[in-house]
Protein chains: 2
Amino acid sequence: MTRHAQDNAGDRPVSDATLRDLAGYNIRRASNAVQADLVRTLAPFELRMITYSALVLIVDNPGLRQTQLAEALAIERSNLVVVIDDLERRELIGRNPMPTDRRAYALTATLAGTRLCRKATRAVRAHEARILSLLSEEERQVLASTLRRIEQAANDEG
Amino acid sequence: MTRHAQDNAGDRPVSDATLRDLAGYNIRRASNAVQADLVRTLAPFELRMITYSALVLIVDNPGLRQTQLAEALAIERSNLVVVIDDLERRELIGRNPMPTDRRAYALTATLAGTRLCRKATRAVRAHEARILSLLSEEERQVLASTLRRIEQAANDEG
DNA sequence: TATTGTTATACTCTATAACTATA
DNA sequence: TATAGTTATAGAGTATAACAATA
């Protein structure tokens, strides 16, 4: 393919200096890349990120109600329903009636759910370890700390 | 509302220690919060994050082709079309024929587009400044640097 | 009246395949 | 044969409103 002088920006590297100054832009790009990678990591377990996260929290907090779980995951109650439906249909968790409040369910993991959770967590951690191996221990701590504060501040802006 | 002893996890704080160890989880939460905040910031300009980002790159790189722009934004060519359609319909940018390649368009911002870009950038920066004021200069640099490396590594895992 | 889980719905973001016109 | 832009479509993710059962 021949090139001509008047191609102007055609072959020069694209400058994204303005956007790279914005935390929101960098976070979106990193988040998209990491989420796509997590989809691949969790696919063998037939789990999505949100399904996996819900399972972990149920394993770690037996007896959780759905509203509590939705809040902990920072998603809407209504969007959690299909997630719980999926985990229950596969008999990884159970919706147990609460004697003290007949509106609510106490969520508990089955043995199969606990086992799958452990296996998936090992896979996710191994996968993350390869990515995070590029970062020093201090950088990892700064990353976790700054992300948490940014989330908090962004929510407070609302 | 009365409480009973058998409420089990009902009132205890939900432990998300397992998930908080995962970079992917923290990044997703921060990204969601920041994107939601950006939506609110850009709404007065009738811009979404992707529309704003595209406009910035066109202003900074006049003559850009759509494929180059999509690659720079890390989105699919096909998803960029409606974004460019929107910006063109509002006469913020123009699709100019390229004499050297009649398949492609050279994208350029109009005066109105350049002005809107400047105004929106000021608003976004002011908004980010409030959030980033919680971070030291060193933390901001570590954040930007680590996010970029994580994006790169996650893409390479694919 | 308020809350829990649920349904329905809509809008955004992303990914893929296939088409057209050019190269 | 390959590339630029386009169209259509499907799957996630997210948000809101409204409902029945229960508190």
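In what follows, chains carry the letters A, B, and so on, assigned in the order in which the sequence lines appear, proteins first and then strands, with residues in each chain numbered from 1.
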Could you give the CE-to-C1' distance, from A:M49 to D:dT14, as a whole number of Å?
-> 16 Å
Starting at atom OH of B:Y52, determine the distance to atom P of C:dC13, rounded to an integer number of angstrom.
-> 15 Å
So does B:R103 get a side-chain nitrogen or oxygen closer than 4.0 Å to the phosphate oxygens (OP1/OP2) of C:dA21?
-> no
Hey, does the side chain of B:R95 come within less than 4.0 Å of D:dT6's phosphate (OP1/OP2), counting only N and O?
-> yes
By nearest-heavy-atom nucleotide on DNA chain C, the more 5' of A:A104 and B:R48 is A:A104
Picking from C:dT4, D:dA4, D:dA23, which would you name as closest to the side chain of B:R65?
-> D:dA4
A:R89/A:D85 under salt bridge (Lys or Arg N to Asp or Glu O under 4.0 Å): CA gap, chis, key distance, verdict | CA-CA 6 Å; A:R89 187 183 45 73; A:D85 283 349; over 6 Å; no
How is [X] classified with respect to the nucleic acid when contacts are heavy atoms under 4.0 Å: base, sugar-phosphate, or nothing?
X: B:R77; answer: base
X: A:S78; answer: base
X: A:E76; answer: base

Do you see a donor-acceptor pair shorter than 3.5 Å between the side chains of A:R148 and B:N26?
-> no
Is the number of heavy atoms from other residues, nucleotides or ligands within 6.0 Å of [atom1] ([X]) greater than 12?
X: A:R115; atom1: CZ; value: no
X: A:R130; atom1: CZ; value: yes
X: A:E138; atom1: CD; value: no

Could a donor-acceptor pair under 3.5 angstrom be found where the side chain of B:N79 meets the base of C:dA15?
-> yes
Mind running a 4.0 Å heavy-atom check of residues 31-41 of chain A against DNA chain C and sending the residues that fall below it, in number order?
-> A:N32
Side-chain ion pair, A:E71 and A:R77, N-O less than 4.0 Å = no
